[in-house]
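Comments concern the structure below.
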Amino acid sequence: MIPEIGYAATVAGLVLALYGAVAAAVGAGTGRPALVQSSQRAAIGVWVLVTCCMLLLVYAFLTFDFSIRYVAINTNRGTPFYYRITALWGALEGSIILWTWMLSLYTLIVVVQYRRRQPDFYPWVLAVMLGIAAFFLLIMTIPAPPFERLTPVPPDGRGLNPLLEDTGMITHPVALYLGFTGFTVPFAFALAALITGRIGDEWITITRRWTILAWYFLALGLLIGGWWSYHVLGWGGYWAWDPVENAAFMPWLTGTAFLHSVMIQERRRMLKLWNLTLIILTFSLTVFGTFLTRSGIIGSVHAFTQGSIGQFFLGFLALVLLGSFSLLAWRLPQLKAQGELDSILSRESVFLLNNLFLVAAAFTVFFGTVFPLLSEAVRGTKLSVGAPFFNLVNIPLFLGLLLLMGVGPLIAWRRASADNLRRNFLKPVVAGILAALILRVLGVGNALVLLCMGLVVFVTGTMVLDFYRAVRARRRTARGWLDAAGGLLLQQNRRYGGFVVHLGVLVVALGVAGSQAWSLHTETTIEKGQSASLAGYKVRFEGLEASEESNHSKVTAAFTVTNGRPLGVLHPAKKFYPQEQTPIAGVDYRLGLMEDLYLVLGDYAQDGSHATVKIQINRMVSWLWIGGLVLTLGAALAILPDQRRAV
Amino acid sequence: VSGRVLRYAIPLAALPVLLLLGYGFRTDPREIPSPLIGKHAAPFTLKTFDGAPISLEALRGSVVVLNFWASWCYPACYEEAPVLTRAWDTYKDRGVVLVGIDIQDKEDAAKKFLAQFKYTFPNAPDPAGRVSVDYGVYGVPETFFIDKAGRVRGKHVGAVTDEILRQRVEALLGERG
């Protein structure tokens, strides 16, 4: 019964979404509000139907309904309870449901928020968002139907990909998809602005918080993905420039560029064309990302299965790109900038440079990602582009961005005077250089690390100095330092939220630099009762133990760890899932602020007499996760309703 | 650049990228050329599920189709099983030997699989995983085509079809041993 109800709900959702998109557009075009209202009800209906689909599938997972192919492939009777729920987005079809559901939820919020407030944009926004939802429902209907039946019904399912049995997998796709789908809202408003011809700053002001939200979730998704890679995959790294990681990173880069460039438009009436281009690119890159993951055209650890779905996505991508850029071209005469650049030494030009670097980074990542395809098309040779290329090009760009991050928020608009520069930057520059010199004396030899750390100190210096001055100025009217600081954060939440986000990025940058430069590892075979040591740690092999879990068997090793004092016992393991050929590593680690001890079990003797273990000392990786928390605080602050306007 | 040209140029700029991505459908990133092609096939001796020994060396002079499978490999192995049965019926009297190697499996599940598809060609488990390592098996099913001289001549990743099997086997049968 469930497959039929689910399929019916999907088709009904598709029809409603199509109808709603057309009704909203016609209603807006011919000035018939009744049609727009009808479309609004359709949007609510789409949300209800997609929610039904999702709940039905969850129910099927919880009751082990193996008559549904998707359930049979992604669970078996041993799959633990929570993973039966998250198995929902463990593979292609379910991930599309999750995506569609989020999109329909965002559409619902748009309906609730803007149906009265934005009478001009609203119908077109609704039309665009329902149109996009219709596409995803089409995917759920034809190339990736989640409720496809399986006959004969197998007694047990295949089971979830064991790598996905992890808390990171519960949150990573959710955050990432909230980010991906979140960019639909500013994109829809941009298209509405182009269609209605109201291409001023309105659409930007309305969508500012939406953009921050989407940007933040994307950043969070990337960081959680890094954490998952770090503690599940057992190679001790958090980022591999894998095509699908790149697919999520590119819209984040252009989205970051967009967040900054809109400020110039709000302030100086410049860059209208550029901002529209950036949001179109960002949204297109989210579609490109889904295309890349699901079309199977590029090999990746993340790739879902192949099928006709790739063609559907490519068609949609073509529609999005050609459609929105045609609209843009049509409005070109109205997109002339009103302001102009007065000086190279101004906030505008620093922001422009920031945009240039971010887009260049996005382009190199894009180029590296599709290069294997290009090479095969042009020269007929298969190759893969690895980390060295991406690092070579991106490290200078990211260091440049760090520098701009220090300069941008403090340099004056229009034209910076020598006095402005001296007042804001002299002390931070000195602090940065001093920091680099001190680190050099302390023995840090890596020039890139020195540069990165020096820049981080410089940027932190500019922010601390600015905040200190603002608080001091405010103290005259406030009761105390704390009161002054708190009031400032809340009243200028947009500016200082941005500062805190920058701080989070700096912390992440330190984590990346430190972990890349200072991590150590060794691989060694240890007899039972003997120990190996690395960088002050002693690791003693205590023995092996075999056990049976609900859906796999497991060999667990015990290693007692000391570094002068006892640190406890670590239990790296190897897990054997019947549906996987190769065992899955179960790493064990001891996280620390400055360094993590990280053990991966390799080969071992069946009788437990010896085992090979990879010992890693990963330095400053925790800073990535801490940076993520700081980023969260900053984004939350920036997204608060603007206090100044309320007063 | 005049406004009119720009109007067309902006949307058209997306075309090359779209074309390149479209080209991607014609390629398969998983189809990595095996380094074993043209090399001597790694010898092995295994015991089939029926208890009879089977060795690759002894099959020299025949075209050998070596198929790696597992009972848990759903759905690909289940899809190709009828293909293999048909191929065995067609070619067993024409100098072709089909050998199935079951990897990383439980014996009772594997035997159930064999019974389900009524396999009559030799099938052996690879208990130590040596043979699958020698052949660089990455996922199941994978199928290797070995010529009469004992060289690996082709590799197919994923479920084989009647068409692929026919083409590969006929080509190798046409060669002189």
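Order of the sequence lines sets the chain letters (A, B, ...), proteins ahead of strands, with each chain counted from 1. Worth saying up front: this structure is predicted, and the values here are computed from it rather than measured.
- For B:Glu163, the side-chain hydrogen bond (donor to acceptor under 3.5 Å, both in side chains) partners at least two apart in sequence or on another chain are B:Arg166, B:Gln167.
- Between the side chains of A:Tyr577 and B:Gln104, no donor-acceptor pair is found at a separation under 3.5 Å.
- B:Tyr119 and B:Trp88 have their aromatic ring centers separated by at least 6.0 angstrom.
- Partners of B:Ala42 under the side chain to side chain contact (heavy atoms under 4.5 Å, CB included) rule, at least two apart in sequence or in another chain, are B:Asp134, B:Tyr135.
- Looking at A:Phe366, only its side chain comes within 4.5 Å of chain B, counting heavy atoms on both sides.
- The stretch residues 317-327 of chain A places A:Leu317, A:Ala318, A:Leu321, A:Leu322, A:Phe325, A:Ser326 near chain B, each with some heavy atom under 4.5 Å from a heavy atom of that chain.
- With chain A as partner, the option from B:Leu18, B:Leu15, B:Leu12 having the largest number of non-hydrogen pairs under 4.5 angstrom is B:Leu18.
- Residues passing the side-chain hydrogen bond (donor to acceptor under 3.5 Å, both in side chains) test with A:Asp607, sequence neighbours excluded: A:Ser609.
- For an aromatic pair to be called close, the ring centres must be under 6.0 Å apart, and A:Phe316 with A:Phe312 fails this.
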Could you go through the side chain to side chain contact (heavy atoms under 4.5 Å, CB included) check for A:Ile280 and A:Phe187 one step at a time? CA-CA 6 Å; A:Ile280 293 170; A:Phe187 171 73; 4.1 Å; yes
